[in-house]
2 protein chains.
Amino acid sequence: MNKEEEIRAAALKLFVEFGFHGTPTSKIAKEAGVANGTLFHYFKTKEDLIVALYNHTKDSLNRHLLETYNAENTLKDKMKNIYVSSLEWGLAHKPEFYFIQQFHFSPHLAKVSSEDIEKQTRLHVELLRAGISENIFKPLPAQLISSILGGHVYGVYQYLISTQLTPEKKAEMIEDTFGLLWAMLTK
Amino acid sequence: MNKEEEIRAAALKLFVEFGFHGTPTSKIAKEAGVANGTLFHYFKTKEDLIVALYNHTKDSLNRHLLETYNAENTLKDKMKNIYVSSLEWGLAHKPEFYFIQQFHFSPHLAKVSSEDIEKQTRLHVELLRAGISENIFKPLPAQLISSILGGHVYGVYQYLISTQLTPEKKAEMIEDTFGLLWAMLTK
DNA sequence: TTATAGATTGACTGATCACTCTATAAAATT
DNA sequence: AATTTTATAGAGTGATCAGTCAATCTATAA
């Protein structure tokens with residue numbers, strides 16, 4: 001890891017544990033093993049660091065989702081892959097997943113550029129559009145389908161991290177809950 | 001409003017807009033129209049204020065849910081009432097609803113006593129238990145049902161606040177989405 | 001009327017924090 | 001080899017903030 005990565009990793013760890021307020025930049029630098037000034041060489045301000053960390057984390061998630069994407073698949077399988085990959089990534093990267101949610105309910109969210117937002121929702125939006133034009137979903141507003149999907153992932157995730165199931169049982173739960181979701185949203 | 005309430009109202013408003021970090025106690029006192037010291041007369045520390053505000057807000061929501069509770073109703077209607085009341089309260093109290101979520105993804109959550117947590121989930125837990133013992137739900141873990149329910153409310157709420165629908169259309173959406181949820185969870 | 005307790009004030013303080021600045025080393029470019 | 005650019009360090013600074021404190025006011029009880 002180079003120093004920039006060290007700083008990001010340290011910031012993530014401390015933000016999740018102590019919140020944005022509770023973690024001074026000095027502690028981040030210390031945890032990262034760099035000098036105070038080095039942090040500000042890579043990130044102009046603390047807020048810059050927070051927003052950059054968010055975009056970087058979202059990029060990681062999106063890269064993981066794209067890995068399982070297969071244009072040959074049916075729409076249902078494409079959605080299932082995204083659903084499964086999202087939850088798997090969340091389980092394998094709990095601090096990162098928590099950080100994303102923490103960020104969403106912070107004033108820093110307003111600092112994310114609209115291009116970055118677009119980039120991070122493109123995949124979902126495309127899939128939903130396809131499903132609607134193929135007349136697969138129940139007659140509901142696209143935004144509502146998207147929100148319900150997000151809420152479902154959120155709810156199932158909360159459950160999965162609150163229980164100690166074997167990875168196999170977790171995979172099974174993810175399969176089953178996708179079945180519930182799909183049945184709820186499609187005709 | 002007495003001074004304690006003024007302080008809570010000011011804190012809520014500022015926390016939602018600027019985050020816990022971004023709002024100094026001095027600004028809260030000013031917004032509330034009281035002296036600095038008065039804030040610390042009612043709340044020993046800033047953290048105390050944050051946690052007290054959370055418990056107070058949750059109490060408001062719970063009181064509202066209990067208003068529509070009717071022991072005579074069927075289980076389905078009891079759940080529907082809670083679902084509808086939750087969303088209606090959220091729409092009528094956006095800052096309060098946002099604050100609850102913001103708090104959930106903050107380190108302050110750990111400071112809520114287990115009694116307070118129990119108090120605030122009792123109603124839901126009771127209903128779920130009843131549904132399970134009456135064999136109404138699909139064979140899923142109780143915790144999972146609860147999490148999916150929470151996720152569904154969360155998702156539908158995000159949709160409702162992101163669109164400008166008439167109150168009638170919103171009520172209709174709430175009805176419809178309860179139907180989806182109920183069909184998904186029951187046999 | 002007096003005594004006591006609680007409410008309210010706002011100036012003050014010690015600590016902390018984000019960020020700067022200067023110096024130096026390393027790397028890249030000419 | 002000379003020069004410019006980038007990386008790194010860490011002491012230093014001005015501002016800010018949570019919380020204190022002594023003084024005053026208010027209300028109730030004795």
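Each chain gets a letter, A, B and so on, in the order its sequence line appears, and its residues count up from 1. All of these numbers come straight from a predicted model, not from anything done at the bench.
For A:Thr38 and D:dA9, the shortest distance from a side-chain N or O to OP1 or OP2 is below 4.0 Å. A close approach under 4.0 Å does not occur between any side-chain nitrogen or oxygen of A:Lys27 and OP1 or OP2 of C:dT16.
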Between side-chain atoms of residues 12-27 of chain A and protein atoms elsewhere (two or more places apart, or another chain), which donor-acceptor pairs fall under 3.5 Å?
from    : atom 1 : to      : atom 2 : distance (Å)
A:Lys13 : NZ     : A:Glu31 : OE2    : 3.0
A:His21 : ND1    : B:His21 : ND1    : 3.2
A:Thr23 : OG1    : A:Gly19 : O      : 3.4

Which pairs of donor and acceptor atoms, one on a side chain in residues 129-148 of chain A, lie under 3.5 Å apart (sequence neighbours left out)?
from     : atom 1 : to       : atom 2 : distance (Å)
A:Ser133 : OG     : A:Arg129 : O      : 3.4
A:Ser133 : OG     : A:Ala130 : O      : 3.1
A:Asn135 : OD1    : A:Lys187 : NZ     : 3.0
A:Lys138 : NZ     : A:Met184 : O      : 2.9
A:Ser147 : OG     : A:Gln143 : O      : 3.0

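Nucleotide C:dT9 holds its P atom 14 Å from the NZ atom of B:Lys30, rounded to whole Å. One atom, CG of B:Leu39, and another, P of C:dG10, lie 14 Å apart when rounded to the nearest Å. Rounded to whole angstrom, the span from the NE2 atom of A:His41 across to the P atom of D:dA7 amounts to 4 Å. Here the C1' atom of nucleotide C:dA26 and the CG atom of A:Asn2 are 16 Å apart, to the nearest Å. Here the C1' atom of nucleotide D:dT8 and the CD1 atom of A:Ile28 are 18 Å apart, to the nearest Å. Separating the CD1 atom of A:Ile50 from the P atom of C:dC19 is a distance of 10 Å, rounded to the nearest angstrom. The interatomic distance linking A:Leu14 (CG) with C:dA18 (P) rounds to 12 Å, in whole Å. Spacing between atom NE2 of A:His21 and atom P of C:dA15 amounts to 17 Å, rounded to whole angstrom units.
For B:Lys46, the side chain to side chain donor-acceptor pair (under 3.5 Å) test picks out no residue, with sequence neighbours left out. Every residue two or more places apart in sequence or in another chain was checked for a salt bridge (Lys or Arg N to Asp or Glu O under 4.0 Å) with B:Lys169, and none qualifies.
Among residues at least two apart or in separate chains, salt bridge (charged side-chain N to carboxylate O under 4.0 Å, His left out) pairs with a member in residues 73-95 of chain B are B:Lys80-B:Glu175.
Side-chain contact annotation: B:Tyr69 with B:Ser85, donor-acceptor N/O pair under 3.5 Å absent.
Of the nucleotides present, C:dT1 is the one that pairs with D:dA30 by Watson-Crick or G-U wobble criteria, both distances under 3.5 Å.
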Each nucleotide in nucleotides 19-28 of chain D should get exactly one letter: B, S or -. Can you fill that in based on protein heavy atoms under 4.0 Å?
BB--------
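Using cut-offs of 30° and 60° on the angle between ring planes, the pair B:Phe99 and B:Phe103 is tilted.
At the heavy-atom level, B:Tyr42 lies under 4.0 Å from the strands shown only through sugar-phosphate atoms.
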